[in-house]
Protein chains: 2
Amino acid sequence: MVTKGNVFDPNCPTRVILDRIGDKWTVLAVLLLRDGPLRFTELRDGIGRVAPKVLTQTLRRMERDGLITREVFAEIPPRVVYTLTPLGTSLIAPISVLSDWAENHLPAITTAQTRYDAAV
Amino acid sequence: MVTKGNVFDPNCPTRVILDRIGDKWTVLAVLLLRDGPLRFTELRDGIGRVAPKVLTQTLRRMERDGLITREVFAEIPPRVVYTLTPLGTSLIAPISVLSDWAENHLPAITTAQTRYDAAV
DNA sequence: CGGGATCCCTGGCGATACTG
DNA sequence: CAGTATCGCCAGGGATCCCG
């Protein structure tokens with residue numbers, strides 16, 4: 001099954017997801033929101049070094065993709081809460097698989113890199 | 001399990017893998033090599049529109065990471081064969097999970113995008 | 001507080017030409 | 001054939017300031 005072979009089409013769904021997964025902050029945001037809704041600043045602090053512009057871009061795109069919802073409270077000071085949708089939540093599983101693979105094979109990768117570098 | 005929480009460290013294994021997965025050609029190369037070793041040109045043609053410089057970069061990095069092996073035959077004309085290592089092969093499963101997720105949820109994403117765009 | 005506006009800059013990627 | 005060499009674009013990301 002895997003891919004229907006259309007992965008090589010830039011418009012292939014897999015490619016689209018890969019683009020999202022590949023960008024720097026989407027995965028982090030999903031993981032942070034995993035334990036419940038968060039405010040802008042909480043996401044910002046949780047992620048670390050992110051320019052607000054960039055975080056906004058990421059969150060907007062995630063909202064557009066239906067991964068999160070954005071709730072604005074007309075208060076002073078303003079409050080905005082981001083929540084993972086069921087769709088967004090369902091992304092955690094695939095990410096976990098990837099994460100597990102990474103952790104399990106990191107030693108092998110490191111070893112390979114070291115050997116490769118030494119051979120040069 | 002999922003992540004040990006260190007995903008937020010840029011040096012985290014998951015981040016490293018995400019970088020690889022996120023780049024444009026690594027996943028495609030893995031998928032192509034899935035059915036057996038291939039030559040440079042075969043990979044090039046299989047992927048589509050790739051500058052040779054970029055493909056070389058990708059393959060070198062994959063070789064360094066231990067995902068593929070590179071065999072050079074001292075012939076004329078030269079022949080170079082790329083083969084998936086067991087490590088590289090083991091990456092197919094996680095990719096498949098991602099791919100499956102993408103295909104299963106594409107309609108939901110598309111719908112979300114359409115609705116979002118309409119709301120603007 | 002949650003961003004929008006603005007400026008900048010790096011590097012990933014592309015195209016083309018050339019060589020062992 | 002399998003790259004290397006060179007040049008160049010531009011989008012993603014960063015930093016800073018400001019505003020409702």
- [ ] Kindly say whether A:I95 contributes a backbone atom to a donor-acceptor pair with the side chain of A:S99 at under 3.5 angstrom?
- [x]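 Answer holds: no.
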
- [ ] Determine yes or no for a side-chain-to-main-chain donor-acceptor pair under 3.5 angstrom, with B:W101 supplying the side chain and A:S90 the backbone.
- [x]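 Yes; judged by distance alone, with no hydrogens or angles, the pair exists.
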
Open item on the list: Quick one, B:T58 and B:L28 - any side-chain contact, counting heavy atoms below 4.5 Å?
Closed with: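 Answer no - side chains too far apart.
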
Task: Residue pair B:L55 / B:I47, side-chain heavy-atom distance below 4.5 Å - done: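 With C-beta onward as the side chain, the pair touches.
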
TODO: Tell me what A:R44 touches on the nucleic acid: a base, only sugar-phosphate, or nothing, going by heavy atoms under 4.0 Å.
DONE: nothing

- [ ] Compare every heavy atom of A:K24 with every heavy atom of B:R15, then report the nearest pair and how far apart it is.
- [x]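 Looks like NH2-O, 3.4 Å.
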
Open item on the list: I need the minimum non-hydrogen distance between B:G88 and B:V30, along with the two atoms involved.
Closed with: O-CG1, 4.1 Å

Open item on the list: If the condition is side chain to side chain contact (heavy atoms under 4.5 Å, CB included), which residues does A:A29 pass it with, not counting sequence neighbours?
Closed with: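 Result, side chain to side chain contact (heavy atoms under 4.5 Å, CB included) vs A:A29: A:M62.
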
- [ ] Run the numbers on A:L43 and A:L33 for side chain to side chain contact (heavy atoms under 4.5 Å, CB included), then give the verdict.
- [x] CA-CA 8 Å; A:L43 281 167; A:L33 290 172; 4.0 Å; yes

TODO: Using the rule that two of Ile, Leu, Val, Met, Phe, Trp, Tyr join whenever any of their side-chain heavy atoms come within less than 4.5 Å, decide whether B:L87 and B:L59 are in one cluster.
DONE: yes

Please report the distance, rounded to the nearest Å, between [atom1] in [X] and [atom2] in [N].
X	N	atom1	atom2	result
A:D19	D:dG13	CG	C1'	16 Å
B:R60	D:dG3	CZ	C1'	8 Å
B:I47	D:dA2	CD1	P	14 Å
A:L43	C:dG3	CG	C1'	13 Å
A:I21	D:dG12	CD1	C1'	17 Å
A:L38	C:dG3	CG	P	13 Å
B:L59	D:dA2	CG	P	11 Å

- [ ] Determine: side-chain N/O of B:T41 to OP1/OP2 of D:dA2, distance under 4.0 Å, yes or no.
- [x]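 True: B:T41 side-chain N/O within range (under 4.0 Å) of D:dA2 OP1/OP2.
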
Open item on the list: Just N and O in the side chain of B:R79: are any of them under 4.0 Å from OP1 or OP2 of D:dA2?
Closed with: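 No, because none of the side-chain N or O atoms of B:R79 sits under 4.0 Å from OP1 or OP2 of D:dA2.
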
Got a list of side-chain donor-acceptor pairs under 3.5 Å for residues 113-120 of chain B, not counting sequence neighbours?
from	atom 1	to	atom 2	distance (Å)
B:Q113	NE2	A:D65	OD1	2.8
B:T114	OG1	B:T110	O	2.8
B:D117	OD1	A:R64	NE	2.8
B:D117	OD2	A:R64	NE	3.4
B:D117	OD2	A:R64	NH2	2.8

Open item on the list: Walk along nucleotides 8-14 of chain C from 5' to 3' and tag each nucleotide B, S or - by protein heavy-atom contact under 4.0 Å, base first, then sugar-phosphate.
Closed with: -----BB

Mind listing the N/O atom pairs, protein and nucleotides 17-20 of chain C, below 3.5 Å?
none

TODO: Tell me which residues in residues 67-77 of chain A put a heavy atom below 4.0 Å from DNA chain C, sorted by number, or none.
DONE: A:R70, A:P77

Task: Residue list, salt bridge (charged side-chain N to carboxylate O under 4.0 Å, His left out) with B:R61, at least two apart or on another chain - done: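 B:R61 satisfies salt bridge (charged side-chain N to carboxylate O under 4.0 Å, His left out) with B:D23 once adjacent residues are dropped.
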
